[in-house]
Every structure is written in C-alpha cells, then in structure tokens.
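Here is how names work: the chains are called A, B, and so on, in the same order as the sequence lines, proteins then strands, and each is numbered from 1. Computed from a predicted model, the values in this text were never measured in an experiment.
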There are 2 protein chains.
Amino acid sequence: MPLDPLSSTFAALADPTRRAILARLALGETSVMELAEPFDMSLPAISKHLKVLEHAGLISRGREAQWRPCRIAPASFRQVDFWLGNFRRFWDESFNRLDGLLEEMKAEEVAKVTAKASPRTKRKTSVDKEKQRGRTRG
Amino acid sequence: MPLDPLSSTFAALADPTRRAILARLALGETSVMELAEPFDMSLPAISKHLKVLEHAGLISRGREAQWRPCRIAPASFRQVDFWLGNFRRFWDESFNRLDGLLEEMKAEEVAKVTAKASPRTKRKTSVDKEKQRGRTRG
DNA sequence: AGGTTATTTAACCTAGGGGCTAAATAAGAG
DNA sequence: CTCTTATTTAGCCCCTAGGTTAAATAACCT
C-alpha cells in the first residue's frame, strides 16, 4: 500500500491542481484559503491535495494560530531531479557545455582568490564521463 | 478525459514498473519480451505499461518483423525537466550561484555601457524577479 | 461562554488504473 | 497452409484517487 517515495512524488505531480498549487507556493509561503481561492473546488478537496503534496514530501506545513501555512519542501524535488539525471543525456545538449561553463567559472573564481590562474581552455565531450561525473547539481 | 501532457507524463512516471522499464531502455532499445523478463507479471500487463509510456511521450516504438522495439523518447523528459526548472532554486545551490553570477555579469555589462557603475554587492532576494527570469537550461 | 474563521475528518460516489486470463492479430519459419 | 513466436485486444476484478456535502476541530475575538 505505501508507495515508494519516488512513486508517490510523481503521483502527486500528476495532478494539474497540485502543480498549480506548487507554482503558487513557489512565489512564497501562504495559507490554505489563499491556495484554494483560484480553484473552482471545495476546500476539503484542496485539503486533500495538500495532504497528498505533504505526504509526497513536496511541501511542508507550519502552524500560525488557525492557519497552516504551506511552503515548498526541497527534498522530493531534488530526488526527482536526481532521477531525471539518469536520462538527461538523452535530450540536454547544453548539459555538457553548461557543465563545462560552470567549471570554467568556478575555476576563474578560484583563480581570483588563489591568484594561481591555471587557464582552462579545454571542453570535455566524452560520454563515459557522464557516469563518473560528480553531480554539479543536486 | 484526455489529461494534459505533463499530467500524463508524471502519471506514467508514478509507477515503479514503468520507471524500471525506462531504466532498462536507458541502456538501449529492446523488445517487449526482454523488457518483460525481469518482472513477475503477465505480458499484457507489460504491454499496457508500454502503451502508457508511449502515450506519455516517454518512449517511441518501431517495427522489426514481429517485434516492436522500444526506445527512450526525449521530448517528455525535457518537458518534465523544464517544469522542474521553475523550482530548481529551492534546492540547487549551484543554480543560485550561477544565477547570481549571471546577474553580476549582466550588471557589469550594464555598468560598462551606462558608465554609471552602481556597485552590486548584494544578491537578489526579491520574489517577483523569479517570474521574469529566462530559463538557463532547456 | 458563544461566535467567527480556518482547516480537517467522515462518509459517500464514480471513474480509471493496474492486474489477470483467454482470445485475437502480426509476421517469420517449415 | 500450418506452426510458432511476439505482442495486443477484450473482458472482468478490485482498489484507489479525486470530487462532493455535512459535521468536527482548532484557535482567535468579544
């Protein structure tokens, strides 16, 4: 009965209402009432959606008087992104380039600080590297 | 009845069997029989899963004699990644750093042009800004 | 205490998802 | 044509997801 975390997270994301709620929460923490306002739907329905999102680890909830403010919780998003990473090479062409760019910038940053300025000019394109690369993101 | 693309994609990803199938396909194109082999499940069940994945745009299928080889299809993965990008700032530190760096660079650029050089030392925290930001990946 | 606001729980309904078995289709192989 | 292999379709179950309304909590206000 209890789905694995990734399954319940994806399941939670499969509903447009819930994704809209998350989009709203991306703008900042807010109450159930305000979250419910845009939808033509009863409050219990929204309450259920929030429970699903919370159980999926996509949001967390606090308590302030009679309000239960909701906010984005990063963990499950991170897991989804991580899982997606296994497939990124199938579509993200700029993945390698961006990755290279990041390293370059980091190197420059370091160069400034250490004043050692080892010049990076080479890009990597190898495929094997995909596997061994320490995640730059996540 | 017809869910929006993102919803059916997330729904397709919400099943561990289907994710396992995708993981197998990440290793390369293969037949239904071979995809079914690891699972203690009837072939029709697998067939249904494949149909769901195909309808979600996560795989595509060819025809070779009596086989219908399946392979990863990039489009829907890309869409998921794109959607996820709206939330990346919530967990990806390197994303924020990149974002900050980009803004800094832009600011320097502007400074050069306008020759007004208002020194930027502070990182943005405004929420509104998030909306107008063009995606870095995608 | 009694009232108002915010949110959840309970009980119910319906549609669709994921599984099965049996049968149908598609395409090579003899 | 017939046989075998690969895959899908057709029904049939059962259970859960998402919605509803009515009632229960929770916490503030007077």
Answer yes or no: is there a side-chain heavy-atom contact under 4.5 Å between B/R71 and B/I59? no
Determine whether B/L22 and B/I72 make a side-chain contact, defined as any pair of heavy atoms from C-beta on separated by less than 4.5 Å. yes
Identify which nucleotide among D/dG18, C/dA6, C/dC20 has an atom closest to any side-chain atom of B/M41, counting heavy atoms from C-beta outward. C/dC20
Please tell me if B/R61 has a side-chain N or O lying less than 4.0 Å from either OP1 or OP2 of D/dA6. no
Side chain of B/Q66, heavy atoms from C-beta onward: which of C/dA27, D/dT20, C/dT8 has the nearest atom to it? C/dA27
Heavy-atom nearest nucleotide on DNA chain D taken for B/E34 and for A/R18; more 5' hit belongs to B/E34
For B/L35 and D/dA6, give me the distance from atom CG to atom C1', rounded to whole Å. 13 Å
Closest non-hydrogen contact found for B/A56 with B/S8 is CB-O, 3.7 Å
State whether the distance check finds a donor on one side and an acceptor on the other, under 3.5 Å, for side chain B/K48 versus base C/dG17. no
Can you check whether A/F87 and A/W91 have ring centres sitting under 6.0 Å from each other? no
Can you check the A/W67 CH2 to C/dT8 P distance for me, whole Å? 14 Å
Would you say B/S42 reaches C/dG19's phosphate, i.e. side-chain N/O to OP1/OP2 under 4.0 Å? no
Examine D/dA27: is either OP1 or OP2 under 4.0 Å from a nitrogen or oxygen in the side chain of A/R68? Give yes or no. no
If I take atom CD1 in residue B/I46 and atom P in nucleotide C/dT21, what distance separates them, rounded to the nearest angstrom? 13 Å
Nearest of C/dG19, C/dT7, D/dG19 to any side-chain atom of A/H49? D/dG19
If you find the nucleotide of DNA chain D closest to A/A65 and the one closest to B/K51, which residue's nucleotide is nearer the 5' end? B/K51
Find the distance A/I21:CD1 to D/dG18:C1' and express it as a whole number of Å. 12 Å
In whole angstroms, the gap separating P of D/dT4 from CE of B/M33 amounts to 16 Å
Atom pair distance, as rounded to whole Å: CG in B/L50 and C1' in D/dA6: 13 Å
Before accepting this row, confirm whether a basic side-chain N of the pair B/R19/A/D4 lies closer than 4.0 Å to the acidic partner's carboxylate O. yes
Options C/dA27, D/dT20, C/dT21, nucleotide nearest the side-chain atoms of B/R63: C/dA27
Spacing between B/L43 atom CG and C/dA23 atom C1', to the nearest angstrom: 14 Å
A/L3 has an atom CG; how far is it from atom C1' of C/dG18, in whole Å? 12 Å
